[in-house]
Structure formats: C-alpha cells, structure tokens
Q: 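Starting off with a structure, shown below.
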Amino acid sequence: MQKTRSTTGIVLLTFVVTVALVLLALNFTAGEKQVQQQLPRLYGTASPQFDRAMGNLLGPGVLGGNEVIDLQNGDQIFPAMLAAIRSAQRTVTFETYIYWSGDIGKQFADALSERARAGVKVHVLLDWVGSAKMEESYLDEMKQAGVRIEKFHEPHWYNLARLNNRTHRKLLIADGAIGFTGGVGIAPEWTGNAQGPEHWRDTHYQVRGPAVAHMQATFLDNWLKVTGEVLHGDAYFPALAPVGPHRAQMFSSSPSSGSESMQLMYHMAVTAADQSIDLSAAYFVPDELTMKLLMDALQRGVRLRIVTPGEHTDTETVKAASRATWGELLQAGAEIYEFRPTMYHCKVMIVDQRMVSVGSTNFDNRSFRLNDEANLNVYDEAFARRQAVVFEQDVARSHRVTYDEWLNRPWKEKLAEKLASLLESQL
C-alpha cells in the first residue's frame, strides 16, 4: 500500500511539474512566427509609397485633420488628462499599465468616480501586473461610484498561459473626442517636471480630430477581449470634424492579434529613413534583425541618435542588456546619450523629421512580441520639428557615451551585461 501511495505521489508530482513547465514555456513565447526576413529598401520617407505602406499594409489608414499637442512631464500631462475626465459628458475610456498608490492615483480615482456618479459611462482597464501596487480603496471608491473596472489577464485557471502578455497601452479618451497617449503611468514618479530622481522624465500627447476614433477602437479591442462586451454608438464614436493640420494613425499590436505588427512598423520606418533617426528609448534592447536594420541605416549615411536612461533607472537588468548592444552601433557612428537628471521614460521615434511615432512601445522584444502596445504615428514636418527640439533639449541634459568609454567599461559591467543578455527575449 505504501509503495502504491509513493508511486501515485510521484505521478502527481510529475504531472504538476510538467504542467508548470508547459505554462512557463507558453508564457515565454508569443505563439506567433517572428519577422525573419530583412526588409528591402524600396523607397524613402519622402515617397508617397511610404505613407501608403504605413497606412494600408500595416495599420489603419492615415487620417488628416488632427491636432496633436505634446505634453512634457507630469506638471503638464496630469492637469490636461484630469481636465478631460472632469469635462466628460457621456463616456470615459481609460487603459493603463501602471496605476500605483499615491496622491496622483487618488486624484484620478476621485475624478473618474465623480463622473460616474454624474451619469457618465466610465470604463477602466488596468493591467493586473502593472496595477499590483494600487490601493484597494481606490478600486472600492470607483466601483461604488459606478465605474466599470476590469483587470487585464487577472490570473484564472484558463488563462495561466497568458500571464506574460500584459497590456502596456496607455490610452485615455473622453467623449470619443479627445484622447491621450504616450509613456506616462499613474504614479508619484511621473509627477513634477523631471527636476530630480524622484520625478521621471516623460512625454504624453493630447489628440483631437478623426484619429481619436482609432484610439477609441484600440481601447475597445482589449475591452472586448476581457469582457466580451462591444461598446459602440455615438457616445463612443461621435462624428469627428477636422480640427488641425496633422495626419495621424493609431497603431497597435497584440500577441493575440498580430504581435509582429509593431516591430514591422518600426522596421519599415528605419528602412525608409534617408537622413536621421532620433530615438527616445526608455528601454533599448534591439534584437539581431533590428540591429541589422539600424546598422544598414548608419552605413547609408543616416544619423542615428539614441537617448536612454543613465545612472537613474528602474531596472538595472534592462540597462545592462541594452549596453551590451552598444559597441557595434557606436563603432559605426551612432550617437548614444545617457540622460542624467532622472529616470528617462520617453518613447518617441522621429524619422527624417517627417514621421513621429509616440506611445507605449519600447525598443525591445517585450514590446515587439509579448505586450499589447499602442502608438500614435504623426506624419507632419512641423510637428516633427517640434519633437526634434524637445529631443535636443534631452540631449543637452545627457552624457554622450563614446566607443572608447564603452570598450573600457569595468569588467563587472561586462559580466552583468552578458548575464542580462541571456534574458533578452523577456526584456
């Protein structure tokens, strides 16, 4: 009898371990084939074919008549977002990765709750991992006020294979008419004006015009996945007249519906670059194919500049994995800068001062293959020039890393980089 129990125990343990390993393997892969072929360079960013490819081959069509305003750091970002919530008359849809405790989190909970009590339909979608540091009292307040709150991939037996797929999107839409996207999370770290290590540097964008419907559709994509509920009608998709000069599209990706599309969008923009690529990258860990495209751009004379976090970072592992990739780029002429004052969380790509991509996407495998992401692409030279000015301001507050400096870094750093690189697929 004892031998039978021992055998049964071994069988059960083997089964549990096998299931755990299968779930782990599923979480460490996106379940789709990777982009494996290098893109041929057929046209530059000035060609009408570039716009057609970005709008027809990859994503929703590029729409004219938009007004896109950049907001720098929490002192500009949060007042604008809260004002949009407080002025909403019919609907508020809000999706975010980070929502933590703190005064700014309470302000958002209060504003969303007040609108729900006033009869506005308020829908909040939080990532289960990213909102783990959020006080339960905020959730209780909003739920009691009538806010619909859902958690993206909250663990259940039937979705354990998807825990590594997070919604990293940052979207706020009020009345289907004004939208916000960018890199900011709802936490004390994003308050202030990047004046010190406790106040991070970030950029968010306010949008009016036809492209807001793209933003709403992107939110509703994940809301449908989580709830099975289709939100539609004039309260969510009102008629949107042209209000500004910017042509734009909201571009999104998800492992469940095209995880490679965001990476492909970035690759096509890099391949089309004629003169310059300015990249604000909170997390820069390019894979082999992306490195090849960046190197090709450098070899054809494109100026590549990258601003990344310096001393102040929220993840030393990603920083180490990033630095491991710099040597080849620096040797080929890339300019890499480490932001000095505080954590650098911006996610902006400016190509030839013609096309700007802004949003939640990092320049790494996690964003390209594992997370749900959303970027606003703006095709307007005046807007691109404005973002280039902001980029130059960040460069001025950064330290330029030379190839010799990188080559002669301490052996401890080199060892940390080697170890961190082993985790590249998850970073």
Side-chain angles (χ1 to χ4, degrees), residues 27-28 30 73-74 96-102 126-134 152-153 163-170 182-192 194 196-203 262-263 279-287 290-291 306-327 329 336-349 359-373 394 397-399 401 406 409-410 412-427:
N27 271 284
F28 273 66
N73 304 318
T96 189
Y97 176 63
I98 293 294
Y99 196 136
W100 293 343
S101 299
L126 305 173
D127 184 78
W128 180 77
V129 173
S131 62
K133 298 181 183 179
M134 182 184 186
F152 188 81
H153 286 171
L163 285 180
N164 204 27
N165 170 213
R166 308 162 190 171
T167 179
H168 195 241
R169 297 173 181 175
K170 293 145 180 97
V184 77
I186 311 302
E189 284 80 350
W190 277 276
T191 60
E198 295 181 353
H199 302 278
W200 291 2
R201 168 76 185 95
D202 215 335
T203 305
M262 190 67 75
Q263 183 183 30
L279 184 63
S280 299
Y283 310 101
F284 176 76
V285 189
D287 61 15
T290 305
M291 278 288 293
I306 305 165
V307 178
T308 69
E311 174 189 355
H312 305 289
T313 179
D314 64 334
T315 167
E316 291 291 343
T317 302
V318 173
K319 179 180 177 180
S322 178
R323 287 180 67 89
T325 68
W326 293 2
L329 291 170
I336 299 180
Y337 299 86
E338 292 183 325
F339 193 72
R340 283 178 162 170
T342 185
M343 168 64 186
Y344 192 74
H345 201 260
C346 300
K347 310 163 196 302
V348 184
M349 181 175 68
S360 66
T361 307
N362 294 308
F363 215 84
D364 58 21
N365 189 70
R366 172 158 290 281
S367 278
F368 286 162
R369 287 186 50 76
L370 299 175
N371 285 344
D372 284 37
E373 303 285 2
D394 289 340
R397 301 175 72 190
S398 302
H399 165 70
V401 180
W406 177 86
R409 65 203 186 284
K412 289 183 179 180
E413 288 187 15
K414 295 179 181 179
L415 177 60
E417 292 166 9
K418 289 288 186 182
L419 295 174
S421 297
L422 298 176
L423 300 173
E424 179 183 318
S425 67
Q426 298 302 299
L427 300 178

Q: Examine distances only and state if a side-chain atom of Asp202 and a backbone atom of Asn73 form a donor-acceptor pair shorter than 3.5 Å.
A: no

Q: Can you name the nearest heavy-atom pair linking Ala281 to Pro309, along with the distance?
A: O-CD, 3.5 Å

Q: Is there a donor in the side chain of Ser280 and an acceptor in the side chain of Tyr344, or the other way round, less than 3.5 Å apart?
A: yes

Q: How are the rings of Phe284 and Phe363 set to each other: parallel, tilted or perpendicular (split at 30° and 60°)?
A: parallel

Q: Please identify each residue that fulfils salt bridge (Lys or Arg N to Asp or Glu O under 4.0 Å) with Glu189, with sequence neighbours left out.
A: none

Q: For the side chain of Trp100 and the backbone of Gly130, is there at least one donor-acceptor N/O pair under 3.5 Å apart?
A: yes

Q: Could you check whether any side-chain heavy atom of Val318 comes within less than 4.5 Å of a side-chain heavy atom of Thr313, counting everything from C-beta outward?
A: no

Q: Under the salt bridge (Lys or Arg N to Asp or Glu O under 4.0 Å) test, which residues partner Arg323, sequence neighbours left out?
A: Glu338, Glu413, Glu417

Q: Quick check: do Leu329 and Met291 have side-chain heavy atoms less than 4.5 Å from each other?
A: yes

Q: For Pro286 and Thr325, which heavy atoms make the closest approach, and how far apart are they?
A: CD-OG1, 3.8 Å

Q: If we ignore hydrogens and angles and just use 3.5 Å, is the side chain of Arg169 paired with the main-chain N or O of Glu373 as donor and acceptor?
A: yes

Q: Looking only at heavy atoms, what is the nearest atom pair of His312 and Pro197, with distance?
A: CE1-CG, 3.5 Å

Q: Do we see a donor-acceptor contact under 3.5 Å between the side chains of Tyr283 and Asp314?
A: yes

Q: Tell me, do Thr96 and Leu126 make a side-chain contact under 4.5 Å, heavy atoms counted?
A: yes

Q: Any side-chain heavy atom of Lys347 sitting closer than 4.5 Å to one from Asn362?
A: yes

Q: Of the non-hydrogen atoms in Met134 and Tyr99, which two are nearest, and what is the gap between them?
A: CB-O, 3.1 Å

Q: Would a distance-only check, ignoring hydrogens and angles, find a side-chain to backbone donor-acceptor pair under 3.5 Å from Thr342 to His199?
A: yes

